[in-house]
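Here is the structure we will look at, set down as structure tokens.
Since the model is a prediction, treat every value here as computed from it, not as a measurement. Below, chain A is the first sequence line, B the second, and so on; all start at residue 1.
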Protein chains: 2
Amino acid sequence: MTIVDSPALVAGGGCPIAPVVDIVFSRWTTPILWQLNAHGRQRFTDLRDLVEGITAKVLTQRLRQLERDGLVERTSHPEIPPRVEYEITELGRSLAPVFAALVTWSEDNLDRVADAREGYDTSGRPRP
Amino acid sequence: MTIVDSPALVAGGGCPIAPVVDIVFSRWTTPILWQLNAHGRQRFTDLRDLVEGITAKVLTQRLRQLERDGLVERTSHPEIPPRVEYEITELGRSLAPVFAALVTWSEDNLDRVADAREGYDTSGRPRP
DNA sequence: CGGGATCCTCTTTGATACTG
DNA sequence: CAGTATCAAAGAGGATCCCG
């Protein structure tokens, strides 16, 4: 069994991109990758400050997951006090085209979503 | 206040693509859009069967959200028994390049993620 | 048939305290 | 500093029943 026919994909409703979505777009992973890509190698605390709103506990969880998936590399310096640095990997950087496509779509269509929401909230709600 | 400086984005850790991620990659939305795009207009029950694993309640919630965001259009036929059809909109189809980028990335890199996971689980776990 | 309402479970998250 | 442990809170999701 490979990653593409894992239970996660089957649970994804028969959608070919369900695995990537699980890997790249689970909660907090996008901001973490974005900040690591924008600011380079970061210490744990500095990264926590860059990713606004995240707690240390959750940041640790997400970094472990990203490290396991090969998108982020962890470097521990055996010093006192301890120093741990995180860096985006080449595999992580290979997501750049995906992120670029999302930026483009945002610029072109985010205001259309806002319009749709306004119309829906005003008068478009489902009628039976 | 526009959609791009909404609380959701601020909570997204200062990441420019956080709004799109909220809209497009919340749970189940990708499989739903994928199936609607692949199979065209669908009745509620048929769509539920296409999206494996989803319950009627959750499908309704997600469809409401997608309709509000303008990605899906709902058509209700006042008959007995009732008939409701869902269809992807032009705005929804404009996501095609994003989805295509994800397919490409999957084909090129999903096995690398699998390798990274195996290495991590075998011997790569964080050492203090 | 397409849901809405209700109840209940279970995972995720937050807050706080503690340690090598 | 960079976590881990623990407990409490919250929200998502499932199961079931009912209605137009």
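Take A/Leu91 and apply the side chain to side chain contact (heavy atoms under 4.5 Å, CB included) test, not counting sequence neighbours, and it matches A/Leu71, A/Thr89, A/Ser94, B/Trp105, B/Asn109, B/Arg112, B/Val113. Applying the salt bridge (Lys or Arg N to Asp or Glu O under 4.0 Å) rule to B/Arg48 yields no partners; only residues at least two apart in sequence or on another chain are considered. Remark: A/Ser26 engages A/Gln65 in a side chain to side chain donor-acceptor pair (under 3.5 Å) (not counting sequence neighbours). Checked against ring pair (Phe, Tyr, Trp, His ring centres under 6.0 Å), B/Phe44 has no partners two or more places apart in sequence or in another chain. Listed by chain and number, the residues in a side chain to side chain contact (heavy atoms under 4.5 Å, CB included) with B/Thr55 are B/Lys57, B/Val58 (sequence neighbours excluded). For B/Asp46, the side chain to side chain contact (heavy atoms under 4.5 Å, CB included) criterion is met by B/Gln42, B/Arg43, not counting sequence neighbours. For A/Val72, the side chain to side chain contact (heavy atoms under 4.5 Å, CB included) partners at least two apart in sequence or on another chain are A/Leu33, A/Leu36, A/Leu63, A/Leu66, A/Tyr86. Considering only residues two or more places apart in sequence or on other chains, A/Glu85 meets the salt bridge (Lys or Arg N to Asp or Glu O under 4.0 Å) condition with A/Arg41, A/Arg83.
Contacts classified as salt bridge (charged side-chain N to carboxylate O under 4.0 Å, His left out) and involving residues 93-107 of chain B (residues at least two apart or in different chains) are not found.
As judged by a 4.0 angstrom heavy-atom cut-off over every strand, B/Arg62 is placed among residues touching the sugar-phosphate backbone only.
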Could you list all N or O pairs between the protein and nucleotides 3-7 of chain C that sit under 3.5 Å apart?
| unit_1 | atom_1 | unit_2 | atom_2 | d |
| --- | --- | --- | --- | --- |
| C/dG3 | OP1 | B/Arg64 | NH2 | 3.3 |
| C/dG3 | OP1 | B/Arg74 | NH2 | 2.9 |
| C/dG3 | OP2 | B/Tyr86 | OH | 2.6 |
| C/dG4 | OP1 | B/Arg64 | NH2 | 3.1 |

Using a cutoff of under 3.5 Å, can you pull out all pairs of nitrogen or oxygen atoms linking the protein to nucleotides 18-20 of chain C, with atom names and distances?
none

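From the 5' end on, the contacts that DNA chain D makes with chain A at under 4.0 Å to a non-hydrogen atom open and close at D/dC1 to D/dT6.
For A/Thr45 and B/Val58, each mapped to the nucleotide of DNA chain D holding its nearest heavy atom, the one lying further toward the 5' end belongs to A/Thr45.
Within the model, atoms CZ of B/Arg27 and CG of A/Asp22 stand 8.0 Å from one another, a figure rounded to the nearest 0.5 Å.
Spacing between atom CG of B/Asp49 and atom P of C/dC1 amounts to 11 Å, rounded to whole angstrom units.
Contact check, B/Arg43 against C/dC1: no side-chain N or O comes under 4.0 Å of OP1 or OP2.
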